[in-house]
Number of protein chains: 2
Amino acid sequence: MSNIHIFAEKLRSLGLRPTQQRIIIYSLLFDRKDTFHFTIDDLQNILKNTSTKKISLATIYNTIHSLKDKGYLKEISINSEKTYFDTNISKHHHFFDESKRELIDLNDKDVGKIKIKKAVPGKKITSIEVLVKIANNN
Amino acid sequence: MSNIHIFAEKLRSLGLRPTQQRIIIYSLLFDRKDTFHFTIDDLQNILKNTSTKKISLATIYNTIHSLKDKGYLKEISINSEKTYFDTNISKHHHFFDESKRELIDLNDKDVGKIKIKKAVPGKKITSIEVLVKIANNN
DNA sequence: ACGTAATTTATAATGATTCTAAATTAGTGT
DNA sequence: ACACTAATTTAGAATCATTATAAATTACGT
């Protein structure tokens, strides 16, 4: 076996001690095929329903922020209500389904090249993010 | 004179009773050449320093939300920290200066046409927003 | 097994925003 | 001008997401 040891090593390699809590969260986030979009609240609910070990809210925040700081999660702001996180850290964009209130990845090839024809003196571009809002078609 | 009467009529035409507070806020937002980007906190500070009449925080929120609901303000989410509003309600995009933490308009012509090459069945696109983050060039 | 630093935890604190219910004000009719 | 009613404003409480605190627990090298 064991994914657990692989995850533990992964965490260690990030400079994060592989605690039980971190392994549970790490595997929930990354032991899956598709990318995963979630809010802290989503994560808390999933953990409540799937993990026998209780993980405190503070630990959830701490772990997610550590992973984000290490570059393993991307933070996405759609609106002021909630903060979303994305396990897909490659350069890409998003659909936001306003009916279901959920994110869908738009990979880089799904969006034509974006030309910015204006520059601000003394400033350089650090990122370009496109958010495409969608709603039920009726 | 008076802009005040013009603003009062404007508010009335939106179905908003032209109270003293609303006129003060309306003129602060719209009686200017350039578009104005602000947070509620910004607005509160400006009002504290420029208006003799004290306007409560609840009224600031109420008025901004009314104007937004009527389509006279646009809400912009850059990050989870704060909600920004924009007096420019035309279709356009933004730079966000991460050093100064401020928004700069990018008008529609400043951004090349954006092609979305993916569709979601049963959904239609309601908006496309581009956020270009910039930082000091050094 | 032991010691210590890192981590987790419950809980308190914070900050933005919304809610509430009472006081004030705008607009109408007299 | 005066009174009435509904809309609006207000201070303060409530809420919600997030962060901070300080004590208890855990990971791990010795």
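Each chain gets a letter, A, B and so on, in the order the sequences are listed, and its residues count up from 1.
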*Should the pair A/Arg32 and A/Phe36 be classed as cation-pi, given the thresholds of under 6.0 Å to the six-membered ring centre and 45° from the axis?*
yes

*Which whole-number value in Å describes the distance from A/Asp41 CG to D/dT18 C1'?*
12 Å

*Can we say A/Asp108 and A/Lys91 salt-bridge, meaning some charged N sits less than 4.0 Å from an Asp/Glu carboxylate O?*
yes

*Base, sugar-phosphate alone, or nothing: which one does B/Lys53 contact when heavy atoms must sit under 4.0 Å apart?*
nothing

*Would you mind reading off the distance between A/Asp69 atom CG and D/dT18 atom P, rounded to a whole angstrom?*
15 Å

_Nearest-angstrom distance from the residue atom CG of B/Asn62 to C1' of D/dG12_ = 14 Å

*Side-chain N or O of A/Tyr61 less than 4.0 angstrom from OP1 or OP2 on D/dT18?*
yes

*So, A/Thr39 versus A/Asp42: side-chain donor-acceptor pair below 3.5 Å or not?*
yes

*Kindly state which residues belonging to residues 16-24 of chain A come within less than 4.0 angstrom of DNA chain C, counting heavy atoms of the residue only, listed by number.*
A/Arg17, A/Thr19, A/Gln21, A/Arg22

*Mark yes or no for whether A/Thr63, through its side chain, and A/Arg22, through its backbone, hold a donor-acceptor pair below 3.5 Å.*
no

*Between A/Leu43 and A/Phe85, is any pair of side-chain heavy atoms under 4.5 Å apart?*
no

*CD1 of A/Ile55 versus C1' of D/dT26: gap in Å, rounded?*
14 Å

*Atom CD1 of A/Ile64 to atom P of D/dA17: distance rounded to whole Å?*
16 Å

*asked:* Between B/Lys54 and B/Gly15, which residue's closest nucleotide on DNA chain D lies nearer the 5′ terminus?
replied: B/Gly15

*Does a side chain donor of either B/Ser56 or B/Thr59 reach within less than 3.5 Å of an acceptor in the other side chain?*
yes

*Check whether any side-chain nitrogen or oxygen of A/Thr83 sits under 4.0 Å from OP1 or OP2 of D/dA17, and answer yes or no.*
no

*side-chain hydrogen bond (donor to acceptor under 3.5 Å, both in side chains) with A/Asp86: which of A/Lys74, A/His94, A/Lys68?*
A/His94

*Determine the contact category for B/Leu57: base if any of its heavy atoms lies under 4.0 Å from a base atom, sugar-phosphate if only primed atoms, P, OP1 or OP2 are that close, otherwise nothing.*
base

_Reading DNA chain C in the 5' to 3' direction, which nucleotide is the first one with an atom under 4.0 Å from a heavy atom of chain B, and which is the last?_
C/dA16 to C/dG27

*Look only at the side chain of A/Asp97 and the backbone of A/Ser99, and say whether a donor-acceptor pair between them is shorter than 3.5 Å.*
yes

*Can you tell me the distance, in whole Å, between the CZ atom of A/Phe85 and the P atom of D/dA17?*
13 Å

*Residue closer to the 5' end of DNA chain C, A/Thr63 versus B/His65 (nearest nucleotide)*: A/Thr63

*Between D/dC28 (P) and A/His5 (NE2): distance, integer Å*: 11 Å

*Check whether any side-chain heavy atom of A/Phe38 sits under 4.5 Å from a side-chain heavy atom of A/Gln44, and report yes or no.*
no

